[in-house]
Amino acid sequence: MLNIKKICVIGLGYIGLPTAALLANKGYDVHGVDVVKTTVDTINEGRVHIVEPELDSFVKKAVKNCKLKADLIPTVADVFIIAVPTPFHDGFIPNIDYIVSATKSISPFVKDGDIIILESTSPIGTTHKVEDVLKENGVDVSKLYISHCPERVLPGQIMRELVENDRIVGGITKEATQKTMEFYKTFVDGEVLGTDAKTAEMAKLTENSFRDVNIAFANELSILCDKFEIDVTELINLTNRHPRVNVLKPGAGVGGHCIAVDPWFIVHAGGDDAKIIKTAREVNTYKTQWVIQKIKNEALKFELKNSKKAKVACMGLAFKPNIDDLRESPALYITKTLLNDGLEVLAVEPNIKEYSEFKIVNYEDALKEADIIVFLVAHKEFVGLKIDTTLDFCGVLK
Ligand SMILES: NC(=O)c1ccc[n+]([C@@H]2O[C@H](COP(=O)([O-])OP(=O)(O)OC[C@H]3O[C@@H](n4cnc5c(N)ncnc54)[C@H](O)[C@@H]3O)[C@@H](O)[C@H]2O)c1
């Protein structure tokens, strides 16, 4: 039987804070830890520093009931959950520095019988690395239950998906898997599936690589169809009428901090054997460069014909439709590149009001003012617009 009262969550970002707030509302005493003081202070005031539906009311209630407290340092607990960033270094080399430092920070507080869970998306072997770091810091790991449980929630639906999604739990021992599964079953309605740590790590990387490879296929098709003068949206709609075909939508590339990042963890470890996964990354990156070239060609044609520079409206900056998240966004990269290369750009993003590096233009004004209209993100505001001369890279007008 589990006897869990106190949970320490390390990293209070998009994953850690919703998890901490959910657990606190389930009755656990939650001690949340972040290295950013303003984050800690904001949470302790019962407020949130990130945009996610329903999160504010979960945090407010948890703090009011003294079930959630944020701090700069960890404390003694029965379960530790690590949810810190896992970006890459230059050259697409996985960066697990945040995990190592989070693990070091909990080592003085870990006691026999504790469950240590790594939720960050991690390169293969990282859960064992957590064990090594604890050992190096004087912890007797023989009586701990150390596991990986990757997070697979969709931003915008995190509070619901934290409860409803199936979860994969991979312990570094069978007992660790078992104990950690029991813990997740206390708050997850989805199925909790047990495996080993390496398989759990690879499962998460596989999920994101699967998406990347499939998007790369659609992006490659869009480039080929442009060459063959075929409408790619019509083509995909037709091929998807085959009962076993489901081609995804092409776009201006692939963005976000997951799908554009995590496949590199496999490529880094897999080397020459990760052929399709590496090529998919390259195809999706190339698609962004291809889009830039198309826009520049169009702008040059306009300039030669009209003896003046074209005003280019870049419609959408976020990495996917109907969000304000600009992380690793190809649309943002395209817009910045055009500006840096001297084009006149009207940057449109209905989901953000201002941006530090350039002015955000209202989309209706941009449509009136622009000579060339470029759709980069299929935001709901753009669906069904009736416009003649456009470059639609996300199929929003179809
Ligand atoms: N956001 C998502 O939609 C999503 C989905 C699935 C998986 N993930 C994975 O979850 C992990 C966390 O992602 P996120 O989006 O929550 O990141 P985030 O950047 O929103 O939050 C991470 C938090 O950790 C804090 N932090 C960094 N080092 C710390 C340390 N040593 N001790 C305490 N706090 C520390 C940061 O200040 C930050 O607030 C990543 O591995 C990510 O790939 C994210």
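For the single chain, residues carry numbers from 1 onward in sequence order. Heavy-atom basis, side chains included; hydrogens, waters and symmetry copies ignored. Both ligands and their constituent atoms are indexed starting at 1 by order of listing.
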Numbered atoms of ligand 1 (with element) below 4.0 Å of Val36, judged on heavy atoms: 37 (O)
Heteroatom proximity flag, Glu119 to ligand 1, N/O under 3.5 Å: no
Winner among Gly16, Gly13, Gly11, Pro85 once heavy atoms are compared against atom 27 (C) of ligand 1: Pro85
Ala83 contact mode with ligand 1 (heavy-atom cut-off under 4.0 Å): backbone
Check: Asp262 N/O within less than 3.5 Å of ligand 1 N/O: no
Parallel, tilted or perpendicular: ring planes of Phe92 versus Phe88, cut at 30 and 60 degrees: perpendicular
Contact (N/O only, under 3.5 Å) between His49 and ligand 1: no
Minimum non-hydrogen distance to atom 11 (C) of ligand 1, winning option of Val84, Val261, Val153: Val84
His257 N/O under 3.5 Å from ligand 1 N/O: yes
Sidechain-backbone polar pair: Asn137 side chain, Leu134 backbone, donor-acceptor under 3.5 Å: no
Heteroatom proximity flag, Tyr14 to ligand 1, N/O under 3.5 Å: yes
N/O separation below 3.5 Å, Glu151 to ligand 1: no
Under-4.0 Å heavy-atom contact between protein and atom 17 (O) of ligand 1: no
